[in-house]
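Counting convention: from 1, in listed order, for ligands and their atoms alike. The figures here come from the full heavy-atom set of this structure, side chains too, leaving out hydrogens, waters and symmetry mates.
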Amino acid sequence: MSRPRPDLDISRHLIEPVWSPTHPIDESAPPIDWPSFFGNPRPVELEVGSGKGLFLANAASAHPDRNYLGVEITKKYARLAAERLVKQQIENARLWAGDIRGVMPRIIDRSLLAVHVYFPDPWWKKRHKKRRVFNADLVASIARTLQPGGGLHIASDVQEYYQVIRELMAADPRFEELPALEPDSPEHDLDYLTNFERKYRLEGRPIYRANYHRTNADAVAETEASTSSIA
Ligand SMILES: C[S@@+](CC[C@H](N)C(=O)[O-])C[C@H]1O[C@@H](n2cnc3c(N)ncnc32)[C@H](O)[C@@H]1O
């Protein structure tokens, strides 16, 4: 799996936008129109930091009635993940080789069915923690782009980071926590949530999971505001 296959045509599965690591947000880039992007109007799920793409491939195969976009900043991994999709003839998933901070602003409000963030890099050193992808900005952009009832699914092997994530989520009334289910025993070598999940479960390390759904808290607030202005 991990050897690149330059002979494969991944041009339909890999999006390689021009972006700058120092300025990942292009204010002039247009919003992404999902039906044109995927060529159909099916609901869209987003994965932040797809690595080598095991989740994307398994989820897209299991749900052919949905579309999946994985955003992966490391070009080599984005390419490997796109190759995985092509080899498995998966048509309802794409890889975006870039920084999630440049993609979120381009996603239209309430246009996502689900967001997945699995094993985000912990950036252990104190001075590096500001590089963590799961932060208040990401929470705000997920709240804006998830449709009411949509899901946010998280896993981490780092208890301290997981606690930080749970605190960020608990502070936002637009999310409600759902029970985190333990997965079934894998039936084969690729029957894992992600590549990192596979590695850590095989090592017997604890995995911390959390699931949320997007409430319609702001919709309620908007209705209350308009009712009081009528009264
Ligand atoms: C620890 S790996 C986990 C990969 C995969 N989710 C898994 O569980 O196997 C974290 C991934 O997030 C990617 N990543 C880190 N920062 C990112 C960002 N700002 N935008 C997109 N991807 C990012 C890294 O390149 C890396 O592949």
Side-chain angles (χ1 to χ4, degrees), residues 1-2 4 13-26 29 32 44-61 68-85 88 93-107 112 114-125 128-142 145 151-162 164-165 168 180 183 186 189-203 205-211:
M1 161 66 210
S2 45
H13 289 76
L14 180 66
I15 296 103
E16 295 185 277
V18 179
W19 64 282
S20 147
T22 47
H23 297 94
I25 302 173
D26 176 1
I32 304 167
V44 177
E45 301 199 12
L46 175 79
E47 188 190 19
V48 178
S50 301
K52 296 181 189 171
L54 183 60
F55 168 76
L56 269 194
N58 285 348
S61 305
Y68 289 83
L69 178 66
V71 180
E72 172 52 56
I73 199 168
T74 306
K75 219 169 177 175
K76 182 177 121 192
Y77 294 147
R79 194 186 160 90
L80 285 171
E83 287 182 3
R84 186 194 290 273
L85 300 177
Q88 295 185 25
R94 300 280 182 274
L95 255 300
W96 184 296
D99 190 325
I100 190 65
R101 289 175 299 163
V103 179
M104 291 311 294
R106 297 184 56 188
I107 300 182
L112 294 174
V115 176
H116 305 264
V117 190
Y118 299 131
F119 303 91
D121 292 319
W123 292 107
W124 293 106
K125 290 186 183 157
H128 288 161
K129 285 200 174 144
K130 57 179 180 297
R131 298 186 191 172
R132 285 180 168 179
V133 79
F134 204 108
N135 55 25
D137 286 348
L138 185 73
V139 174
S141 60
I142 294 173
T145 53
L152 170 60
H153 308 283
I154 299 159
S156 175
D157 57 309
V158 182
Q159 193 174 22
E160 176 271 330
Y161 194 3
Y162 174 75
V164 170
I165 290 172
L168 284 169
D189 197 40
L190 296 178
D191 189 17
Y192 289 90
L193 182 66
T194 71
N195 296 83
F196 270 71
E197 202 234 24
R198 176 178 179 282
K199 178 174 147 72
Y200 294 143
R201 281 178 74 184
L202 292 176
E203 287 174 6
R205 283 167 56 167
I207 294 174
Y208 307 97
R209 302 172 198 271
N211 293 306

N-O pairing of Arg132 and Glu160 below 4.0 Å = yes
Examine ligand 1 and decide if any of its atoms is less than 4.0 Å from a heavy atom belonging to Glu72.
-> yes
Heavy-atom gap Pro24 to ligand 1 smaller than 4.0 Å | no
Separation between CD (Glu45) and OH (Tyr68), nearest 0.5 Å, reads 3.5 Å
Separation of His116 NE2 from Thr194 OG1 (nearest 0.5 Å) | 12.0 Å
Of the protein's non-hydrogen atoms, which lies at the shortest distance from atom 3 (C) of ligand 1, and what is that distance?
-> Phe119 O, 3.3 Å
Do the rings of Tyr200 and Phe196 sit parallel, tilted or perpendicular, given the 30° and 60° boundaries?
-> perpendicular
Quick one: does Arg101 get an N or O within less than 3.5 Å of an N or O on ligand 1?
-> no
Salt-bridge test for Glu16 and Arg79: reply yes if a basic N is under 4.0 Å from a carboxylate O, no otherwise.
-> no
Of the choices Thr74, Ile73, Val71, Val158, which has the non-hydrogen atom that lies closest to atom 17 (C) of ligand 1?
-> Ile73
What are the atoms of ligand 1, with element, lying closer than 4.0 Å to any heavy atom of Asn195?
-> 9 (O)
If you round to the nearest 0.5 Å, how far is CG of Leu46 from CD1 of Ile107?
-> 5.0 Å
Distance from atom 9 (O) of ligand 1 to nearest protein heavy atom, with residue and atom = Phe196 N, 3.0 Å
Can you pull out the closest protein heavy atom to atom 19 (N) of ligand 1? Residue, atom name and distance to 0.1 Å, please.
-> Asp99 OD1, 3.0 Å
Honestly, for Tyr77 the part within reach of ligand 1 (heavy atoms, under 4.0 Å) is side chain
Any donor and acceptor pair, going by atom type alone, linking the side chain of Ser20 with main-chain N or O of His23 inside 3.5 Å?
-> yes
Note the single closest protein heavy atom to atom 8 (O) of ligand 1, along with its residue, its atom name and the distance in Å.
-> Thr194 OG1, 2.7 Å
Of the choices Pro21, Gly49, Gly51, which has the non-hydrogen atom that lies closest to atom 6 (N) of ligand 1?
-> Gly49
Considering only protein heavy atoms, which is closest to atom 10 (C) of ligand 1, and at what distance to one decimal place?
-> Asp121 OD1, 3.4 Å
State whether the number of non-hydrogen atoms from other residues, nucleotides or ligands found under 6.0 Å of Lys75 atom NZ is greater than 12.
-> no
Which segment of Ile100 sits under 4.0 Å of ligand 1 when only heavy atoms are counted | both
Per-atom contacts of ligand 1 with Gly98, taking only distances under 4.0 Å to non-hydrogen atoms | 20 (N), 21 (C)
